[in-house]
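Some notes on the structure that comes next.
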Amino acid sequence: MKRKGELIAALAIVIMAIVFLYQNAQIQANLAEGEEAWGGADGSAAELLEEQGYVPWMQPIWEPPSGEIESLLFSLQAAIGAGIIGYFFGYNRGKRQGE
C-alpha cells in the first residue's frame, strides 16, 4: 500500500515537471530578442519607476560585481532561510515525540 502511494506521488511529480517544461518552452519560444521570461518583480518595479521619472535619492552601499554573484547571494539567502525553517519544524517535531 505504501509503495502504491509513492508511485502515485512520483508519477504526479513527473507529470508536473513535464507540464512545467512544456510551458517554459512555449514561453521561451514566444519571447522577443533580449526579453527575459522570468524577470523579477524588482526589475519590473524599477522599470516602471524610471518610466515615471523617479530619481533615486539614495544609492546602494554595495552592488554585486555581476549578476551571477547576485544570484549566488540570493540563493544563499534562500538556503539559509530554508535551513532555519527546517530546523524549527524538526526541532518541534522531535520535541513532541520526546514527550
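Atoms considered below: every heavy atom in the structure, side chains included; atoms not considered: hydrogens, waters and symmetry mates.
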Original post:
Hey, quick one: are W57 and L49 part of the same hydrophobic cluster, counting side-chain heavy atoms closer than 4.5 Å, chains of contacts allowed?
Top reply: yes

Which pairs would a plain distance check flag for residues 16-24, meaning a side-chain donor or acceptor within less than 3.5 Å of a matching protein atom at least two apart in sequence or in another chain?
residue, atom, partner, partner atom, Å
N24, OD1, W38, NE1, 3.1

Original post:
Are L7 and L11 side-chain neighbours, meaning at least one heavy-atom pair lies under 4.5 Å?
Top reply: no

**OP:** Could you tell me whether the side chain of I8 reaches within less than 4.5 Å of the side chain of K4, counting heavy atoms only?
**Re:** yes

Per-pair distances, 0.1 Å, donor-acceptor, side chain in residues 82-96, under 3.5 Å, sequence neighbours excluded:
none

Original post:
Hey, what do you get for CG (L76) to OG (S71), rounding to the nearest 0.5 Å?
Top reply: 12.0 Å

Subject >> Atom pair CD/OG of E70 and S75 - distance to nearest 0.5 Å >> reply: 10.5 Å

Original post:
Should side-chain heavy atoms under 4.5 Å link Ile, Leu, Val, Met, Phe, Trp and Tyr, which residues sit in the same cluster as L73?
Top reply: W62, I69

